[in-house]
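Nothing here was measured: the structure is a model prediction, and the numbers come from that model. This chain uses plain numbering: 1 for the first residue, then up along the sequence.
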Amino acid sequence: MSYFNLVKSLTSAFPNRYSMSRFHHTTSAVCCCSKTQSGEKYTDPFKLGWRDLNGLYEDIRKELLISTTELKEMSEYYFDGKGKAFRPIIVVLMARACNIHHSNSRDVQASQRSIALIAEMIHTASLVHDDVIDDASSRRGKHTVNKIWGEKKAVLAGDLILSAASMALARIGNTTVISILTQVIEDLVRGEFLQLGSKENENERFAHYLEKTFKKTASLIANSCKAVSVLGCPDPVVHEIAYQYGKNVGIAFQLIDDVLDFTSCSDQMGKPTSADLKLGLATGPVLFACQQFPEMNAMIMRRFSLPGDVDRARQYVLQSDGVQQTTYLAQRYCHEAIREISKLRPSAERDALIQLSEIVLTRDK
C-alpha cells in the first residue's frame, strides 16, 4: 500500500479535512506561534487557569469520603498535586472563554468548576485501571497503585474514584451534562477494548489507532469542554466549537505522547519509555515507519512478542520519519483546534487555549 493511501485512510478515519499533500512532510513540526489576538495583556495559560483551581486536589479528596484507611490512601494516591492538571486547566479556561463569548461574564460557575474536578477524577480512575491492565510498575515517577497494593485492590480504588465522580456529576443536576460525561466513561471502556485488538489491513490499522486515541484520550477533553459550554451558554454552535477544540487538542496530546515514548528518557516521562512496544501496541510512529520498513508488518501482527522485536521495531522507528510524521500530524490537529477556538469572542482565556494547543506540541513529558 502506498504512503498516500495510508494518509487517505488516516484522514477519512477522523473528520479533519486536510489534503494529503499537507501531511507529506519530512521535517519536524514547529510551534504554531500564534500571536495573542485579544489585545489583552497575555498571561501564562497555566497561571490563568489556576486562578479558578485553587484547592483542586483538596476538593477532590473531599469528594472521596472514605472511612477505610487503606482504601482512602489508595484512592488519594495520585491526587498529590504533582500531576500536570492539564485537563482541569483546559476546562476552566474553556468555561471562562464561553462565558465571556455569551454574556461577557468572567466568572466561572460553581458547576463549571465541578466539571474540572470530575474530569480529573475520571482521568485518574482510568490511569489506575490502565496500570492494572498493562501491569505497569511506575507512574509520575513513583510506584503504581497496583504494584503497592495489588491488582484487585487497585481495580476497586479506580471504581471508587469513578463512583465519587459520578456522585459529583449527579449533584450538578443537569441531565444534558450528565449524558455528555457519561459518554466519556463508555468511550474509555470501548477505547481499551480497541487497544486490546488489532487489524491485519494497514488501512484499517490507522483508522483503528485514531479511533482508539479519540476514545481513550480525546473524548474526556472534548466532552468536558462541551459540558462547561452547555452550562455557560445556550448556543449549540458554541457547544460544537468547545467540543471540536477539545477533540483536536486531545488527539494531538496523545500523538505527542506516542512520540515521546520513542524520544524521551524514563526520568523525563516518569514512566518507562518504549512502553507501548512492550505492550504490543503499534502507535503512530510505528505505523508511519512501517511504510518505509514493510518487514515491521509481521512484528505488528505478532504484537512484538518474539525476542528482539521491541528493540528492532524501535530502531526502525528511529531510522524512519515516523516520529516526524506523527509530530506533524499532531500539529495539524492543533491547527484545527486553533481554528475552532478562534471563532469565540477575543479574550485572554481564548488566547490561553490557543497557547495551550501550542504547548501540547512542544512538551517533553
Side-chain angles (χ1 to χ4, degrees), residues 49-50 52-92 95 108-133 136 139-140 142-192 215-217 219-228 230-231 246:
W50 272 110
D52 298 305
L53 293 173
N54 286 330
L56 168 70
Y57 294 106
E58 291 86 345
D59 290 344
I60 289 175
R61 287 194 289 270
K62 288 176 185 175
E63 296 288 344
L64 300 167
L65 297 173
I66 308 160
S67 57
T68 307
T69 302
E70 185 180 40
L71 188 53
K72 180 180 175 65
E73 189 178 354
M74 292 166 60
S75 302
E76 294 181 354
Y77 185 66
Y78 288 131
F79 299 119
D80 55 5
K82 294 180 181 178
K84 291 183 286 287
F86 180 73
R87 291 155 189 82
I89 292 286
I90 285 184
V91 169
V92 293
V108 171
Q109 301 171 22
S111 58
Q112 289 175 316
R113 186 179 183 276
S114 292
I115 298 297
L117 273 68
I118 291 164
E120 186 69 357
M121 293 167 77
I122 293 173
H123 170 60
T124 302
S126 74
L127 297 184
V128 174
H129 285 158
D130 279 358
D131 287 343
V132 172
I133 293 169
R139 164 86 60 183
R140 296 177 179 172
K142 61 183 185 179
H143 292 304
T144 55
V145 171
N146 49 293
K147 283 302 174 186
I148 298 173
W149 288 281
E151 291 185 355
K152 292 180 181 179
K153 289 181 178 179
V155 170
L156 296 174
D159 290 346
L160 190 141
I161 296 168
L162 271 180
S163 71
S166 299
M167 290 175 68
L169 179 59
R171 285 199 300 274
I172 291 174
N174 185 304
T175 55
T176 301
V177 168
I178 291 170
S179 178
I180 289 168
L181 286 177
T182 301
Q183 182 64 51
V184 172
I185 299 174
E186 178 184 335
D187 284 345
L188 284 168
V189 174
R190 291 185 182 275
E192 195 61 51
K215 290 186 182 301
K216 283 201 64 176
T217 303
S219 174
L220 174 58
I221 300 172
N223 284 296
S224 298
C225 285
K226 183 176 181 179
V228 292
V230 168
L231 290 168

- Given side chain to side chain contact (heavy atoms under 4.5 Å, CB included), test Glu76 with Tyr57 step by step and report yes or no. CA-CA 9 Å; Glu76 294 181 354; Tyr57 294 106; over 6 Å; no

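- Interatomic distance, NZ of Lys226 versus CD1 of Ile115, reported as 13.0 Å (0.5 Å rounding).
- For the pair Pro88 and Ala85, the tightest heavy-atom approach, listed with the atom from each and the gap, is CD-O, 3.3 Å.
- A 4.5 Å side-chain heavy-atom check between Ser224 and Ile90 finds every atom pair outside the cut-off.
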- List the steps and the verdict of side chain to side chain contact (heavy atoms under 4.5 Å, CB included) for Tyr78 and Thr144. CA-CA 9 Å; Tyr78 288 131; Thr144 55; 3.7 Å; yes

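- The distance from the OG atom of Ser75 to the CG atom of Leu65 is 11.0 Å, given to the nearest 0.5 Å.
- Between Lys82 and Arg140, the closest side-chain pair of non-hydrogen atoms is not below 4.5 Å.
- For the side chain to side chain donor-acceptor pair (under 3.5 Å) condition, the pairs that include at least one residue of residues 170-185, sequence neighbours left out, are Glu63-Arg171, Gln183-Asp187.
- A heavy-atom distance below 4.5 Å is not found between the side chains of Lys215 and Leu188.
- Salt bridge present: Lys153 and Glu70 bring a charged side-chain N and a carboxylate O closer than 4.0 Å.
- Among all heavy-atom pairs drawn from Val92 and Ala116, the shortest one is CG1-CB, 3.9 Å.
- Nearest heavy-atom pair, Asp131 versus Arg139, reported as atom, atom and distance to 0.1 Å: OD1-NH2, 2.7 Å.
- A cation-pi arrangement is not found for Lys72 relative to Tyr77, the charged atom failing to lie both closer than 6.0 Å to the ring centre and inside a 45° cone about the ring normal.
- Although no hydrogens or angles enter the test, the distance criterion places a donor-acceptor pair under 3.5 Å between the side chain of Gln109 and the main chain of Leu231.
- Across all their heavy atoms, Val108 and Arg113 have their closest contact at CG1-N, 3.9 Å.
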- Message: Before you tell me yes or no, could you show the steps for Asp130 and Ser126 under side-chain hydrogen bond (donor to acceptor under 3.5 Å, both in side chains), namely the whole-Å CA-CA distance, both residues' side-chain angles and the distance that decides it to 0.1 Å?
- Response: CA-CA 6 Å; Asp130 279 358; Ser126 74; 4.9 Å; no

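- Asp59 contributes atom CG, which lies 5.5 Å from atom CG of Leu117 (distance to the nearest 0.5 angstrom).
- Using a 4.5 Å cut-off on side-chain heavy atoms (C-beta onward), Glu58 and Phe79 make no contact.
- In terms of heavy atoms, Ile122 sits closest to Ala165 at CG1-CB, 4.1 Å.
- The minimum heavy-atom distance between Ala170 and Ile178, with the atom names listed, is CA-CD1, 4.2 Å.
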- Run the numbers on Thr124 and Ile60 for side chain to side chain contact (heavy atoms under 4.5 Å, CB included), then give the verdict. CA-CA 11 Å; Thr124 302; Ile60 289 175; over 6 Å; no

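- The closest side-chain heavy-atom distance from Leu56 to Trp50 is below 4.5 Å.
- Between Leu64 and Leu160 there is a side-chain heavy-atom pair separated by less than 4.5 Å.
- Interatomic distance, Glu120 CD to Lys84 NZ, rounded to the nearest 0.5 Å: 10.0 Å.
- In the displayed structure, Arg190 atom CZ is contacted under 6.0 Å by at most 12 heavy atoms of other residues, nucleotides or ligands.
- A distance of 7.5 Å separates CG in Leu169 from CD1 in Ile185, rounded to the nearest 0.5 Å.
- Within the structure, side chain to side chain donor-acceptor pair (under 3.5 Å) contacts touching residues 159-168 (residues at least two apart or in different chains) are His129-Asp159.
- Salt bridge status for Lys142 with Asp80: present, with a side-chain N to carboxylate O gap under 4.0 Å.
- Applying the side-chain hydrogen bond (donor to acceptor under 3.5 Å, both in side chains) test to Glu151 and every residue at least two apart in sequence or in another chain returns nothing.
- Atom CE of Met74 is separated from atom OG1 of Thr68 by 10.5 Å, given to the nearest 0.5 angstrom.
- A 4.5 Å side-chain heavy-atom check between Ile221 and Phe86 finds at least one atom pair inside the cut-off.
- You'll find the side chain of Ile172 reaches within 4.5 Å of the side chain of Ile118, heavy atoms only.
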